[in-house]
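Everything numeric in this text was worked out from a predicted model, so none of it was measured.
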Amino acid sequence: LSQPQEESDTAFRALADFTGWAVGSQGLFQGKDDPEHPPRTYLGRWDQGRHIAVFPHQARSRLTRMGYSPEATFRAWRERGWLKVDQGRFTHRLRVLGVPQRMIALDWTAVMAATTPEEQLVP
């Protein structure tokens with residue numbers, strides 16, 4: 001019985017670490033950028049109140065650097081309903097800068113559950 005609890009704690013820790021990183025990097029997301037100073041490279045798309053979507057290679061790289069297994073994390077997030085997904089995938093198809101992309105899309109309710117009140121104040 002302790003293993004599923006450990007798994008869920010790991011999944012939540014990964015969610016908290018990942019959303020903390022996204023909040024700290026929000027200027028690099030379409031939807032959160034300064035139109036006069038767009039970033040050279042986008043990490044994904046930020047749709048306030050809906051989801052934060054990250055390119056899969058960026059999400060995998062960031063989770064790996066944080067010490068998490070990306071595939072196990074995506075699986076746990078999907079099982080808990082924290083990811084918006086297309087049938088049988090970890091990704092959800094969205095447009096980023098007008099181009100259809102498969103993205104790792106964290107549902108906004110999961111983002112809010114994993115962020116601190118201070119992080120939530122960021123407009």
Side-chain angles (χ1 to χ4, degrees):
L1 198 95
S2 66
Q3 187 182 1
Q5 187 59 43
E6 277 179 37
E7 266 181 41
S8 66
D9 288 348
T10 300
F12 187 80
R13 261 195 327 276
L15 180 70
D17 289 348
F18 192 80
T19 55
W21 163 78
V23 167
S25 306
Q26 58 185 301
L28 297 176
F29 286 85
Q30 178 188 350
K32 292 301 280 186
D33 56 312
D34 173 357
E36 292 184 26
H37 301 96
R40 200 171 308 157
T41 304
Y42 281 99
L43 295 174
R45 184 171 145 180
W46 188 293
D47 289 317
Q48 190 81 23
R50 294 177 57 203
H51 53 255
I52 296 174
V54 180
F55 290 110
H57 71 281
Q58 294 282 7
R60 282 188 179 87
S61 172
R62 179 53 51 185
L63 285 167
T64 299
R65 277 189 238 147
M66 292 175 168
Y68 299 105
S69 161
E71 300 308 310
T73 300
F74 297 154
R75 193 173 309 109
W77 289 355
R78 181 176 64 188
E79 286 169 5
R80 295 182 74 170
W82 294 344
L83 286 181
K84 290 186 176 187
V85 295
D86 297 333
Q87 187 74 32
R89 297 181 174 269
F90 295 132
T91 56
H92 180 59
R93 198 166 181 83
L94 295 166
R95 288 187 175 273
V96 180
L97 299 176
V99 179
Q101 302 280 348
R102 292 210 165 276
M103 306 292 286
I104 299 296
L106 284 171
D107 187 78
W108 198 256
T109 55
V111 170
M112 294 308 287
T115 53
T116 65
E118 296 80 41
E119 289 171 330
Q120 292 174 12
L121 291 175
V122 179

Checklist outcome for this item: Output for pair (R95 CZ, Q30 CD), nearest 0.5 Å, gives 11.0 Å

Item to check | Residues that R60 engages under salt bridge (charged side-chain N to carboxylate O under 4.0 Å, His left out), provided they are two or more places apart | outcome: E71

Checklist entry - Do you know which two heavy atoms are closest between F74 and A59, and how far apart they sit? => result CZ-CB, 3.9 Å

Next on the checklist: Just verifying a value: how many Å separate F29 CZ and Q48 CD, rounded to the nearest 0.5 Å?
Outcome noted: 12.0 Å

Next on the checklist: I'd like to check the side chain to side chain donor-acceptor pair (under 3.5 Å) partners of S69; sequence neighbours left out, ordered by chain and number.
Outcome noted: none

Item to check | Pairs satisfying salt bridge (charged side-chain N to carboxylate O under 4.0 Å, His left out), at least one member in residues 17-29, at least two apart | outcome: none

Item to check | Heavy-atom neighbours of R93 CZ exceed 12 at 6.0 Å | outcome: yes

Item to check | Residues forming a side chain to side chain donor-acceptor pair (under 3.5 Å) with R62, sequence neighbours excluded | outcome: none

Checklist entry - Are any side-chain N or O atoms of S25 and backbone N or O atoms of A22, one a donor and one an acceptor, separated by less than 3.5 Å? => result no

Item to check | Worked check of side chain to side chain contact (heavy atoms under 4.5 Å, CB included) between W82 and T19 | outcome: CA-CA 12 Å; W82 294 344; T19 55; over 6 Å; no

Next on the checklist: Consider side chain to side chain contact (heavy atoms under 4.5 Å, CB included). Of V54, L28, L97, which one does Y42 pass it with?
Outcome noted: L97

Item to check | Results of side chain to side chain contact (heavy atoms under 4.5 Å, CB included) for A14 - residues two or more places apart only | outcome: L63, Y68, T73, W77

Item to check | Whether R45 side chain and G31 backbone form a donor-acceptor pair below 3.5 Å | outcome: no

Item to check | Check: A53 main-chain N/O paired with K84 side-chain donor or acceptor under 3.5 Å | outcome: no

Could you pull out every donor-acceptor pair under 3.5 Å between side chains of residues 102-110 and any protein atom, sequence neighbours left out?
residue: R102; atom: NH1; partner: D86; partner atom: OD2; Å: 2.9
residue: D107; atom: OD2; partner: T109; partner atom: N; Å: 3.1
residue: D107; atom: OD2; partner: T109; partner atom: OG1; Å: 2.4

